[in-house]
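Right, one structure below, let's go through it.
Chain A is the first sequence line, chain B the second, and so forth, proteins listed ahead of strands; every chain is numbered from 1.
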Amino acid sequence: MSIEDFISKVVYRSAEALYGAIEEGQLQIQKTRKEFEGDYTLVTFPLLRRSRKSPEATATEIGEHIVSSVAEIESFNVIKGFLNLTLSASFWAARFTEMAADVHYGQAAATGRTIMIEYSSPNTNKPLHLGHIRNNLLGYSVAQILKANGHKVIKANLVNDRGIHICKSMLAWQRFGHGETPASTGMKGDHLVGKYYVEFDKHYKAEVKELMAQGQSEEEAKKNAPIICDAQAMLRQWEAKEPAVYGLWQTMNGWVYEGFDVTYKALGVDFDKVYYESQTYLLGKSIVEEGLQKGVFYRRDDGSVWIDLTADGLDEKLLLRNDGTSVYMTQDLGTAFRRFEDNKLDDLIYVVGNEQNYHFQVLKLVLKKLGYAWSDHITHLSYGMVELPEGKMKSREGTVVDADDLIADMVRTAREMSDELGKLNDCSEQEANAISTMVGMGALKYFILKVDPKKTMLFDPRESIDFNGNTGPFIQYTHARICSILRKAQQADVEFDGSVMAIAYLPEEIELVKMLADYPSAVAAAGANFAPSMVGAYAYELAKQFNGYYHDHSILKEERADVRRMRLQLVQQVARVIRSSMALLGIEVPERM
RNA sequence: GGUUCCGUAGCUCAGUUGGAUAGAGCAACAGCCUUCUAAGCUGUGGGUCACGCGUUCGAGCCGCGUCGGAAUCACCA
């Protein structure tokens, strides 16, 4: 039973003894704020109607009843209408023993629910950038958090591997590529393909400009530029699976995947299922048929299929082109249907930027109108854009922050910083690299994950690379320190793996135990809110609490053996919980740094 | 114009279900390395939670409105 449940039971019992039956959820119990004395607090205002007494008198009455009847509650105090209850030190000691013994501490019991989370979803025409990093980190972290909450999680990646944008880089490579390959140039495959995507745009613009000089309007010129017409022809050839085009497509996508794999690995993300749009883009047409039959959709004179959502405050939406080909929405209807059917999903989460809020609003509404109950179990985990100090990232202005470059920068800075501080002097080159990678990536990941997903965030390179304060490296540093203490204890042959002593804890130690005890609820709250930021805040608080404790108490030099053991055990648990909460953020934690 | 989201300290951001005197970090200033890692610790200053009205015993959080910002409203994905 969790502490919250225990307190809740105790409070209900006393309140009911005094005032008669009370409906569940009527009483508000919360953790006591730091500035007040006590562990848990009952807000008595909702009870005043029943007690017919002042807030203070009511609180006192309940407090007295609880303290006299429950051994674990040591004392209480009343401030205004708030009843603060203090648990006994022996209660916390027992609680600590329990969690230290629990191998799966923080891992919730299996819920039996299966949740698919789709994230990343890259286009295969250019390398990943900062925006993708936010997406990948969020998706991976939320998946970890949902797992810790006992759900079965399927991580899915839907690769946008077809379409006109892919043909653009293919065409440009064919014309201007001189047979370049990742091997011949030493370039990462995704960067090489991206280079030709840019190359296409350059030529396209030049052609448009020329046509406009010849008197065409901008609109005409954009439609008539030979190179874009050729790209469109190429797309048709691809759809007809013409060997030359199809083969080139496979080759170039292969390069991109090799490149993406490197980036994914550096980010520490992975997938259980990879879907390719080239294999799913025809899905959804049967759903369109179904909608027509049910009268939810309608066909226009030109043959295209639409749904009218104006009554719901939205617009009319195209679902099938007049030539019978599908659009984005058609595909998403189809893939959502297939996923729920094939995997017996309870929930489907899409990690997609907020520029697609409208799309998902429509998607859910259409499915609902078709009568699919599971439409309510689709969640769009919408996240805000990442902006730079100079403003938005614009590929045209070359202000896009490339994912690989950024990763390399972070790791390099971590290394420089470590060298400067002399932290890694007695490490092998290999160890030093591994640690610098963990720290650099930890800084990047924490910096991005600590902000609420739905908010537009500012990415200031200077600040992200700061390793002081509320940062990943601060938390990693705390962990490294604890590991160092444990190493020294081992060298000194101090035993600390026995049972926890039933000795008096200091207030600072109880604070630490309380924080450790909070871990499961922090994870649960983060899961309910799809907010890795909440786990991050918890880990930071815990690390801070430890650092305060670290300064005020010598852990190894305590003379009483039982106290020393108790402290070492406590500190060991802190390290363990830091490790697991950072794992929920996909952040590795070094043992020294 | 419609829809959705955001607005909290100079800056970047926290603030699970409405609860007490709104919190961190950065930046600024003042201390602390003879002590288990100073990527650290302690302290000081800094706020009309955009604004107004409402609901409530109680609002940063809920409702309505106003202002400011973002996204979106394609036979693109």
Side-chain angles (χ1 to χ4, degrees), chain A residues 25 28 30 32-36 41 43 45-46 48-49 55 79-82 84 121 123 160 162-165 277 281 302 304 306 310 312-323 325-329 331-332 353-359 361-362 382 384-385 387 392 414 417-418 420-423 439 443 447 450-452 454-460 462-464 466-471 473-474 476-478 480-489 492 521-522 524-529 531 533-534 536-537 540-541 544 547-548 550-557 571 592-593:
Chain A
Q28 284 185 52
Q30 55 200 255
T32 303
R33 290 201 164 208
K34 268 219 175 95
E35 57 268 36
F36 300 102
T41 297
V43 184
F45 296 103
L48 302 186
R49 232 174 4 142
I79 298 171
K80 294 190 198 166
F82 297 89
N84 300 321
S121 310
N123 288 320
N160 296 305
R162 64 165 282 280
I164 188 73
H165 52 291
E277 204 203 307
Y281 78 108
D302 67 356
S304 56
W306 296 73
T310 49
D312 297 278
L314 304 175
D315 300 285
E316 289 179 272
K317 187 80 188 172
L318 175 82
L319 297 170
L320 204 63
R321 294 193 186 101
N322 59 6
D323 61 3
T325 58
S326 54
V327 291
Y328 183 36
M329 186 59 71
Q331 297 169 39
D332 261 8
N354 64 10
E355 72 267 20
Q356 291 193 35
N357 285 356
Y358 183 76
H359 172 79
Q361 219 180 332
V362 172
S382 163
M385 315 253 114
E387 292 183 356
K392 288 179 196 161
M417 200 88 90
S418 302
E420 205 174 303
L421 294 171
K423 295 274 184 187
V439 173
F447 186 83
K450 78 176 172 187
V451 348
D452 180 357
K454 70 180 171 218
K455 286 187 174 170
T456 301
M457 68 169 287
L458 185 96
F459 186 86
D460 186 340
R462 284 190 316 268
E463 220 176 293
S464 71
D466 194 345
F467 296 168
N468 303 318
N470 187 1
T471 62
F474 170 84
Q476 291 172 315
Y477 175 66
T478 305
R481 265 181 167 177
I482 294 176
C483 290
S484 164
I485 291 170
L486 297 176
R487 271 194 306 272
K488 291 202 162 127
S521 50
N529 293 290
S533 53
M534 296 175 84
Y540 176 60
E541 271 309 314
K544 237 173 67 155
N547 272 309
Y550 173 91
H551 263 265
D552 295 342
H553 304 281
S554 50
I555 294 158
L556 289 170
K557 300 196 173 144
V571 151
R592 70 180 75 215
M593 64 183 272

Is K454(A) close enough to rA71(B) that one of its side-chain N or O atoms is under 4.0 Å from OP1 or OP2 there?
no
Among rC13(B), rC75(B), rU4(B), the one nearest any side-chain atom of Q361(A) is rU4(B)
Do D312(A) side-chain atoms and L314(A) backbone N/O form a donor-acceptor pair below 3.5 Å?
no
Would you kindly check whether a donor in the side chain of D323(A) faces an acceptor in the base of rC75(B), or vice versa, at under 3.5 angstrom?
no
Is F45(A) stacked against the base of rG58(B), taking the criterion as centroid distance under 5.5 angstrom and interplanar angle under 30°?
no
Kindly say whether N470(A) contributes a backbone atom to a donor-acceptor pair with the side chain of K450(A) at under 3.5 angstrom?
yes
Scan G313(A) against the nucleic acid and name what it touches under 4.0 Å (heavy atoms): base, sugar-phosphate only, or nothing.
sugar-phosphate
Contact under 4.0 Å: K80(A) side-chain N or O vs rC57(B) OP1/OP2:
no
Pick the P atom in rU34(B) and in rA39(B), then give their distance to the nearest Å.
15 Å
Taking atom types as modelled and ignoring hydrogens, do the side chains of Y358(A) and D315(A) form a donor-acceptor contact shorter than 3.5 angstrom?
yes
Could you pick out which residue, Y358(A) or R592(A), lies toward the 5' side of RNA chain B when each is mapped onto its nearest nucleotide?
R592(A)
Check every atom of rU21(B), rG19(B), rU16(B) against the side chain of Q30(A) and return the nucleotide holding the closest atom.
rG19(B)
Sugar-phosphate, base or nothing in reach of I555(A), heavy atoms under 4.0 Å:
base
Watson-Crick or G-U wobble partner for rU72(B), using a 3.5 Å limit on both distances?
rG2(B)
Would you say that K423(A) contacts M593(A) through its side chain, given a criterion of any heavy-atom pair below 4.5 Å between the two side chains?
no
Comparing N123(A) and S554(A) on RNA chain B - which has the more 5′ nearest nucleotide:
S554(A)
Atom P, compared across rC57(B) and rU3(B): separation rounded to whole Å:
32 Å
Using the purine O4'-C1'-N9-C4 or pyrimidine O4'-C1'-N1-C2 torsion, is rC5(B) syn (within 90° of 0) or anti?
anti
Taking atom P in both rC75(B) and rG68(B), what distance in whole Å separates the two?
31 Å
Any S484(A) side-chain nitrogen or oxygen under 4.0 Å from OP1 or OP2 of rU37(B)
yes
Looking at rA28(B), which nucleotide sits across from it as a Watson-Crick or G-U wobble partner, both distances under 3.5 angstrom, or is there none?
rU44(B)
Using atom P in both nucleotides, what's the gap between rC6(B) and rG10(B) to the nearest angstrom?
22 Å
Residue K488(A), side-chain heavy atoms: nucleotide from rU16(B), rU37(B), rA77(B) that is nearest:
rU37(B)
Using a cut-off of under 3.5 Å, enumerate the N/O to N/O pairs linking the protein to nucleotides 39-43 of chain B.
{"residue": "rA39(B)", "atom": "OP1", "partner": "K423(A)", "partner atom": "NZ", "Å": "2.2"}
{"residue": "rA39(B)", "atom": "O3'", "partner": "N468(A)", "partner atom": "OD1", "Å": "3.1"}
{"residue": "rA39(B)", "atom": "N6", "partner": "S418(A)", "partner atom": "OG", "Å": "2.9"}
{"residue": "rG40(B)", "atom": "OP1", "partner": "G469(A)", "partner atom": "N", "Å": "3.1"}
{"residue": "rG40(B)", "atom": "OP2", "partner": "N468(A)", "partner atom": "OD1", "Å": "3.0"}
{"residue": "rG40(B)", "atom": "O2'", "partner": "R481(A)", "partner atom": "NH1", "Å": "3.2"}
{"residue": "rG40(B)", "atom": "O2'", "partner": "R481(A)", "partner atom": "NH2", "Å": "3.4"}
{"residue": "rC41(B)", "atom": "O4'", "partner": "H551(A)", "partner atom": "NE2", "Å": "3.4"}

Look through every strand shown and name the nucleotide pairing with rA14(B) as Watson-Crick or G-U wobble, where both distances are under 3.5 Å.
none
Is there a donor on the side chain of T456(A) or the base of rA71(B) sitting less than 3.5 Å from an acceptor on the other?
no
Report yes if a side-chain nitrogen or oxygen of K455(A) is closer than 4.0 Å to either non-bridging phosphate oxygen (OP1 or OP2) of rU12(B); otherwise report no.
no
Under 4.5 Å between any side-chain heavy atoms of R321(A) and V327(A), yes or no?
yes
Nucleotide nearest A525(A) (side chain, heavy atoms from C-beta), chosen from rC75(B), rA70(B), rU16(B):
rU16(B)
With the side chain of N84(A) defined as its heavy atoms from C-beta on, choose the nearest nucleotide among rC36(B), rU16(B), rA20(B).
rA20(B)
Between H359(A) and Y328(A), what is the ring plane arrangement, given parallel below 30°, perpendicular above 60°, and tilted in between?
parallel
Considering only atom P, compute the distance from rG25(B) to rG1(B) and round it to an integer number of Å.
42 Å
Output yes when a side-chain donor or acceptor of S326(A) lies under 3.5 Å from a complementary backbone atom of Y281(A), and no otherwise.
yes
Choose from rA24(B), rA20(B), rC36(B) the nucleotide whose nearest atom is closest to any side-chain atom of L556(A).
rC36(B)
State, with a plain yes or no, whether a side-chain heavy atom of L320(A) is found less than 4.5 Å away from one of S304(A).
no
Determine the interatomic distance between C1' on rA14(B) and the same-named atom on rU56(B); round to the nearest Å.
26 Å
When you compare rA22(B) with rC13(B), how far apart are their C1' atoms, in angstrom units rounded to a whole number?
14 Å
